[in-house]
Amino acid sequence: MNSKQRRKKKHRRVRKKVFGTPSKPRLCVTKSQKHVYAQLIDDFSQRTLTGVSSQTPDIKDKFDRGNCEAAHEVGRLIAKKAQDLGFDSVVFDRGGFIYHGRIAAVAEGAREAGLQF
């Protein structure tokens, strides 16, 4: 079993417990080798409400890659967008990744901007 398969297996295990509702959407965080992505998802209606990535022009101009600083900024921007949509709290989905580094930086940035998990 390679690392992608292990992560998918972990993600399925996490998703059994994590479910986004219309009043409390799921904040799904994904990362690649170069970038970080965050989405607000309503699992009830199966649609993405909004999303931010380290490739967003606001972040791409400040940071050249999806490092921890860029991930922190992604967290702040997704929290701002969530609050603009009227959400104060979300369910955090780490996507099968360990809660460390860029994944933790997204969560910290969102919490600093006022989003609650």
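The analysis underlying the following values was restricted to heavy atoms, covering all of them including side chains, and did not include hydrogens, waters or symmetry mates. Positions are given from 1, in the same order as the sequence printed here.
When all heavy atoms are compared, the tightest approach of Gly96 to Lys10 is O-CD, 3.6 Å. The nearest pair of heavy atoms linking Ala113 to Ala79 is CB-CB, 3.5 Å. Closest approach of Val74 and Ala38 over heavy atoms only: CG1-CB, 3.8 Å. Scanning all heavy atoms of the two residues, the minimum distance from Ser89 to Leu115 falls at N-CD1, 4.4 Å. Contact record, Leu49 with Pro25: CD1-CB, 3.9 Å, taken as the closest heavy-atom pair. Across every non-hydrogen atom of Tyr99 and Arg111, the tightest pair is OH-NH1, 3.1 Å.
The line from OG1 of Thr50 to NZ of Lys80 is 11.5 Å long, rounded to the nearest 0.5 Å. Distance check: Leu40 CG to Leu27 CG gives 5.5 Å after rounding to the nearest 0.5 Å. If you take NZ on Lys31 and OG on Ser54, they are separated by 12.0 Å, rounding to the nearest 0.5 Å. Between atom NE2 of residue His35 and atom CG of residue Asn67 there is a gap of 10.5 Å, rounded to the nearest 0.5 Å.
Thr56 contributes no side-chain N or O that, together with a main-chain N or O of Asp58, makes up a donor-acceptor pair within less than 3.5 Å. Looking at Gln5, its side chain does come within 3.5 Å of a backbone N or O of Asn2 through a donor-acceptor pair. Judged purely by atom type and a 3.5 angstrom limit, Arg7 uses its side chain to pair as donor or acceptor with the backbone of Gly95. With hydrogens and angles disregarded, no donor-acceptor distance shorter than 3.5 Å links the side chain of Asp93 to the backbone of Cys28. Arg12 places no side-chain N or O within donor-acceptor distance of the main-chain N or O of Arg15, the cut-off being under 3.5 Å.
Counting heavy atoms from C-beta on, the side chains of His72 and Arg102 never come closer than 4.5 Å. Annotation: side chain of Ser3 is in contact with side chain of Arg6 (closest heavy-atom distance under 4.5 Å).
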Residues Tyr37, Ser32; criterion side-chain contact (heavy atoms from CB on, under 4.5 Å); working and verdict: CA-CA 8 Å; Tyr37 309 89; Ser32 67; 4.0 Å; yes
Verdict with supporting geometry, Arg94 and His11, side-chain contact (heavy atoms from CB on, under 4.5 Å): CA-CA 8 Å; Arg94 60 187 174 90; His11 193 203; over 6 Å; no
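Both Leu77 and Val29 are part of a single hydrophobic cluster, where members link through side-chain heavy atoms under 4.5 Å apart. The same ILVMFWY cluster, assembled from side-chain heavy atoms under 4.5 Å apart, contains both Val36 and Phe97. No continuous path of ILVMFWY side-chain contacts below 4.5 Å connects Val14 to Phe117, so the two sit in separate hydrophobic clusters. Connection of Val106 to Ile59 is established within a shared hydrophobic cluster, with ILVMFWY side chains joined at heavy-atom distances below 4.5 Å, either directly or through further cluster members. Ile78 and Leu85 end up in the same hydrophobic cluster when Ile, Leu, Val, Met, Phe, Trp and Tyr side chains are linked at under 4.5 Å.
Both tests do not hold together for Arg26 against Phe92: distance to the six-membered ring centre under 6.0 Å, angle to the ring axis within 45°.
Within a 6.0 Å sphere centred on CD of Gln46, heavy atoms belonging to other residues, nucleotides or ligands number 12 at most.
Between Arg76 and Glu73 a salt bridge is recorded (basic side-chain N to carboxylate O distance below 4.0 Å). Lys24 and Asp42 are not joined by a salt bridge, as no carboxylate oxygen comes within less than 4.0 angstrom of a charged side-chain nitrogen.
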